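These notes are about the structure you will find just below.
Nothing here was measured: the structure is a model prediction, and the numbers come from that model.
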Amino acid sequence: MSSSSAPGVDASTPPPVAKRSVGDLARAAVSGWLGTALEFMDFQLYSLAAALVFSQIFFAGGDAAMAVVLAMATYGVGYVARPVGAFFFARIGDKIGRKQVLFYTILLMGAATTLIGVLPTYEQVGILAPILLVVLRLAQGFGAGAEISGAGVMLAEYAPDNRRGIVASLVALGTNCGTLFASGIWAILLAVMMESDVIAWGWRIPFIGSAVIMLFALWVRFNLKESPVFEERTDVVDGKALSRAELHKVATETNDIRTLESLQKKPLKAVLVSFLLRFGQAGNSGIVQTYLISFITITLAISKEVGPEIVIVSSLIGFITIPLVGFLGDRFGRRRMYIVMSALSLLLIVPTLLLINSREVGAIFVGYALIHNISVLGLASMENISIPEIFGARNRYTLTAVVREIAAIVATGIGPVVAAAWVAAATGSIVPVMVLMGVFTASALVAAIVAPEWTGRDLRDPRPAM
């Protein structure tokens with residue numbers, strides 16, 4: 001808006017339309033895709049490294065199962081910093097816009113990942129090695145905390161109302177691309193290098209190489225225009241959001257009912273529903289994309305090459321799954337698709353994990369691809385648009401980021417550690433994994449059942465959808 005002070009704002013008058021071209025939308029889509037791809041490549045690089053080599057590089061000798069637990073715990077450390085980073089960056093994003101924040105999050109996240117590639121090992125510096133790894137994981141998590149949420153918010157606020165699902169699914173495709181790229185690098189390393197060389201120095205290559213993608217993503221974001229919905233908000237004056245007191249005064253003077261309602265009502269149901277939707281998807285993601293690779297490699301004693309290869313195959317299938325689910329969400333509504341996908345996931349948990357537990361490589365591929373695409377990628381496709389849609393315009397970025405990351409700490413950060421410890425205590429049984437996935441999936445199903453439909457709502461509305 002062009003007004004220079006809060007008293008001059010007329011909230012009863014529609015704000016000017018922030019025009020964006022198809023090229024602007026494409027640039028926003030590429031930006032969101034790249035940032036999310038880098039985030040998930042970073043975390044998948046670590047999760048595969050933790051499953052395959054980090055237990056030998058950064059942790060002292062001893063019981064192999066305990067080394068895996070420690071490696072998974074270090075993976076979980078990255079999630080501790082994510083809600084702090086989410087709150088810090090997302091609040092700024094709600095006040096001054098999404099563009100600047102997304103530039104800084106990808107810079108911090110990418111730099112931390114690159115530096116992991118130059119860390120000394122336990123053999124070289126002792127206990128300092130895992131300490132430095134934890135520090136970089138914290139920095140990585142601090143930047144990543146607001147990255148995928150910001151990308152989802154940006155695309156949701158750029159996309160046409162009836163195409164938000166398929167456009168925002170590009171964020172989930174970014175997660176898939178990052179997972180695929182990281183798995184592909186590891187598959188190549190394990191195929192062309194001796195295992196001793198991978199452990200000695202080859203593991204550094206993917207971490208250092210990630211700097212190339214970071215630099216390209218920074219260039220794209222530097223040329224990105226601000227979210228049109230942010231610029232059209234009635235509480236944004238000269239590119240900055242009014243304070244709560246200023247907004248309350250203006251809304252009272254202009255009798256802006258929607259804004260007054262948003263200031264008076266706490267979005268408790270919106271927060272709870274969003275938390276459970278995220279909890280379900282994030283928990284499944286941590287189990288499937290992190291722990292199951294360790295289970296296949298360590299507990300089932302399958303060749304180390306198999307883990308990255310099955311992730312590659314499943315991620316390729318995801319290039320169909322993710323946009324298809326996004327399209328169906330636009331067509332039939334996000335709530336209905338959540339119910340269908342979560343119910344299907346519950347039905348598939350036991351048979352797919354039994355296929356994986358069979359130790360037959362072909363059955364492992366089939367079981368993993370099914371559960372990964374339904375329980376992780378399909379839910380991620382809807383989650384990236386659903387949570388921004390559920391929250392109101394004024395605090396959309398903050399609430400989206402904080403809810404997503406707190407749910408991730410509880411589910412994804414802890415899930416792989418609990419699974420590793422529980423399976424070790426159960427002498428290799430896969431039943432604990434089934435139970436954990438059942439709890440995660442049921443959470444998303446219950447949330448979708450109790451929520452009203454939220455698809456296609458006016459994103460300039462300051463009120464939550466429920």
Side-chain angles (χ1 to χ4, degrees), residues 30-58 71 74-75 78 102-121 124 129 132-144 147-148 151 171 173-222 289-290 293 297 304-305 307-316 318-319:
V30 172
S31 167
W33 169 70
L34 273 174
T36 308
L38 181 61
E39 175 186 349
F40 270 73
M41 185 185 76
D42 292 349
F43 275 71
Q44 186 69 7
L45 282 176
Y46 181 86
S47 67
L48 288 171
L52 301 173
V53 298
F54 275 7
S55 60
Q56 303 171 60
I57 293 171
F58 288 103
T74 311
Y75 173 85
L102 288 173
F103 184 88
Y104 293 121
T105 56
I106 201 170
L107 176 61
L108 178 59
M109 182 179 65
T113 300
T114 301
L115 289 174
I116 287 177
V118 298
L119 283 179
T121 66
Q124 293 170 326
L132 290 174
L133 180 62
V134 168
V135 169
L136 289 180
R137 285 288 295 163
L138 289 171
Q140 189 185 55
F142 190 75
E147 170 57 41
I148 192 170
V171 175
L173 275 181
T175 70
N176 206 37
C177 290
T179 301
L180 178 61
F181 189 61
S183 302
I185 291 175
W186 271 106
I188 292 171
L189 287 177
L190 293 171
V192 304
M193 297 178 67
M194 295 179 60
E195 183 175 340
S196 59
D197 289 334
V198 173
I199 294 174
W201 58 271
W203 66 270
R204 301 180 184 276
I205 295 173
F207 290 95
I208 296 173
S210 69
V212 176
I213 297 178
M214 176 187 68
L215 292 172
F216 180 59
L218 286 171
W219 176 77
V220 171
R221 289 193 173 176
F222 185 77
Q289 296 188 156
T290 301
I293 304 302
T297 304
K304 287 187 176 182
E305 290 83 358
E309 288 172 359
I310 62 174
V311 174
I312 291 172
V313 171
S314 185
S315 297
L316 288 172
F319 282 97

*Within the distance-only criterion (no hydrogens, no angle test), does the side chain of Thr36 pair as donor or acceptor with the backbone N or O of Trp33 below 3.5 angstrom?*
no

*Is a donor on one side and an acceptor on the other found under 3.5 Å between the side chain of Ser315 and the backbone of Val311?*
yes

*Got a second to check how far Ser31's OG is from Ile106's CD1, nearest 0.5 Å?*
7.0 Å

*asked:* Please check this pair: side chain of Arg204 against backbone of Leu119, looking for a donor-acceptor N/O pair closer than 3.5 Å.
replied: yes

_Assess the residue pair Leu38 and Leu34 against the criterion (side-chain contact (heavy atoms from CB on, under 4.5 Å)); give the C-alpha distance rounded to whole Å, side-chain angles, the decisive distance to 0.1 Å, and a yes or no._
CA-CA 6 Å; Leu38 181 61; Leu34 273 174; over 6 Å; no

*Supply the atom-to-atom distance Met41 CE to Ile185 CD1, rounded to the nearest 0.5 angstrom.*
6.0 Å

*If you draw a 6.0 Å radius around CZ in Phe103, do more than 12 non-hydrogen atoms from other residues or ligands fall strictly inside?*
yes

*Residues in side chain to side chain donor-acceptor pair (under 3.5 Å) with Thr105, at least two apart?*
Glu147

*Give me the ring orientation class for Trp219 and Phe216: parallel if the planes are under 30° apart, tilted from 30 to 60°, perpendicular past 60°.*
parallel

*asked:* Distance check, rounded to the nearest 0.5 Å: Trp186 atom CH2 versus Ile312 atom CD1?
replied: 12.5 Å

*Out of curiosity, Leu115 CG to Leu133 CG, how far, rounded to the nearest 0.5 Å?*
12.0 Å

*asked:* Does any part of the side chain of Phe207, heavy atoms only, come nearer than 4.5 Å to the side chain of Leu45, both counted from C-beta?
replied: yes

*For the residue pair Leu218 and Arg221, establish whether any side-chain heavy-atom pair is separated by less than 4.5 Å.*
no

*Check: Leu132 and Leu136 side chains under 4.5 Å, non-hydrogen atoms*: no

*Evaluate side-chain contact (heavy atoms from CB on, under 4.5 Å) for Met193 paired with Trp201, printing each intermediate quantity in order.*
CA-CA 10 Å; Met193 297 178 67; Trp201 58 271; 3.5 Å; yes

_Contact summary for Ile148 and Val171, nearest pair of heavy atoms_ = CG1-CG1, 3.6 Å

*asked:* Using the side chain to side chain donor-acceptor pair (under 3.5 Å) criterion, which residues pair with Gln140? Sequence neighbours excluded.
replied: Thr113, Arg137

_Closest non-hydrogen atom pair between Ala151 and Gly32, with its separation_ = CB-CA, 3.8 Å

